[in-house]
Amino acid sequence: MEGLPLTESLRVMPWFGAMINVMHLLSLVMFAGGLLIVDIRLMGGGLKQQPLSQVAREARPWLIAGFVGLIVTGIPQLMLTAIKEYYAPLFWFKMEVMIVAIIFNFTVRHRLTMGDEARLGRVWGKVVGLVSMALWSAVAIPARLIGLVG
């Protein structure tokens, strides 16, 4: 990936890497906001005056747009540092946890947030919210550490 002609073209533009990083961070904010507003509501906090399913439905476009933005900006970032990422154990850990987090988010978490809140129960909501936050934290923290420790 690092030796592709497209990657070499991107490397020639000194502002490209910075622009991609900024767009990646904005996508991360959108994604994290869409995720956290629902997870906090699942755990019994946040927007208590609205039904959980409504909060999840209204947050979903932000969550999806942020996720798509992360992928669209993450690929060029990976292209520019492919060798470093390939040899970084944290990168592979991040990718493995991300697969689990995506599956969890779009199956278990989605089903619980769109179901009947009364049947959910306080304990399951808290468990699902905490698991969701833990999984996505286990994606974000190693991603940042790759840049610091390689």
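These figures come from a predicted structure and were not determined experimentally.
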Requested in this report: Can you measure from CG (Leu70) to CE (Met23) and round to the nearest 0.5 angstrom?
Outcome: 11.0 Å
Query raised in the report: Is Met19 atom CE crowded by more than 12 heavy atoms from other residues, nucleotides or ligands, each under 6.0 Å away?
Result: no
**Report entry** Arg60 side-chain N/O to Val55 backbone N/O, donor-acceptor pair under 3.5 Å
**Finding:** no
Query raised in the report: With no hydrogens and no angle check, is any side-chain donor or acceptor of Ser132 less than 3.5 Å from a backbone partner on Gly129?
Result: no
Requested in this report: State, yes or no, whether a side-chain contact exists between Ile64 and Phe106 at a heavy-atom distance under 4.5 Å.
Outcome: yes
Query - Side-chain heavy-atom pair Ile102, Phe67 within 4.5 angstrom cut-off - result: yes
Query raised in the report: Can you name the nearest heavy-atom pair linking Ala59 to Gly34, along with the distance?
Result: CB-O, 3.6 Å
Query raised in the report: For the hydrophobic clusters of this structure (ILVMFWY residues joined by side-chain heavy atoms under 4.5 Å, transitively), does one cluster hold both Met114 and Leu52?
Result: no
Report task. State whether the side chain of Trp62 and the backbone N or O of Gly33 hold a donor-acceptor pair below 3.5 Å, judged by distance alone. Result -> no
Query raised in the report: Which atoms form the tightest heavy-atom contact between Met98 and Trp136, and what is the distance?
Result: CG-CZ3, 4.2 Å
Report summary line: The reported gap from CG in Leu130 to CG in Leu135 (rounded to nearest 0.5 angstrom) is 11.0 Å
Requested in this report: May I ask you to test the Lys84-Phe91 pair for a side-chain heavy-atom distance under 4.5 Å?
Outcome: no
Query raised in the report: Do Leu63 and Val72 belong to the same hydrophobic cluster, where Ile, Leu, Val, Met, Phe, Trp and Tyr are linked whenever their side-chain heavy atoms lie under 4.5 Å apart, directly or via other members?
Result: yes
Requested in this report: State, with a plain yes or no, whether a side-chain heavy atom of Asp39 is found less than 4.5 Å away from one of Arg109.
Outcome: yes
Query raised in the report: To the nearest 0.5 Å, what is the distance between NZ (Lys94) and CZ (Arg144)?
Result: 12.0 Å
Report task. Nearest 0.5 Å please: distance from the CG atom of Leu112 over to the CG atom of Leu42. Result -> 7.0 Å
Query raised in the report: Hey, any chance Val123 and Phe104 share a hydrophobic cluster, counting ILVMFWY side chains that come within less than 4.5 Å of each other, even indirectly?
Result: yes
Query raised in the report: Just wondering, more than 12 heavy atoms not from Leu28 lying within 6.0 Å of its CG?
Result: yes
Requested in this report: Say whether Val68 and Ile71 are linked into one hydrophobic cluster, either directly or through other cluster members, by side-chain heavy-atom distances under 4.5 angstrom.
Outcome: yes
Report task. Nearest 0.5 Å please: distance from the CD1 atom of Ile20 over to the CE atom of Met79. Result -> 10.0 Å
Query raised in the report: Under 4.5 Å between any side-chain heavy atoms of Asn105 and Leu35, yes or no?
Result: yes
**Report entry** Leu80 and Phe16, any side-chain heavy atoms less than 4.5 Å apart
**Finding:** yes
Requested in this report: For residues Pro61 and Arg57, report the shortest heavy-atom separation together with the two atoms involved.
Outcome: CD-O, 3.3 Å
**Report entry** Considering all heavy atoms, the nearest Pro142-Phe93 contact
**Finding:** CG-CD2, 3.7 Å
Query raised in the report: Can you tell if the side chain of Met133 reaches within under 4.5 Å of the side chain of Leu36, non-hydrogen atoms only?
Result: yes
**Report entry** Common cluster, Leu145/Ile83, ILVMFWY with side-chain heavy-atom separation under 4.5 Å
**Finding:** yes
**Report entry** Between OG on residue Ser53 and CZ on residue Arg41, distance to nearest 0.5 Å
**Finding:** 9.0 Å
Report summary line: In short, Gly74 meets His24 closest at the heavy-atom pair N-ND1, 3.6 Å
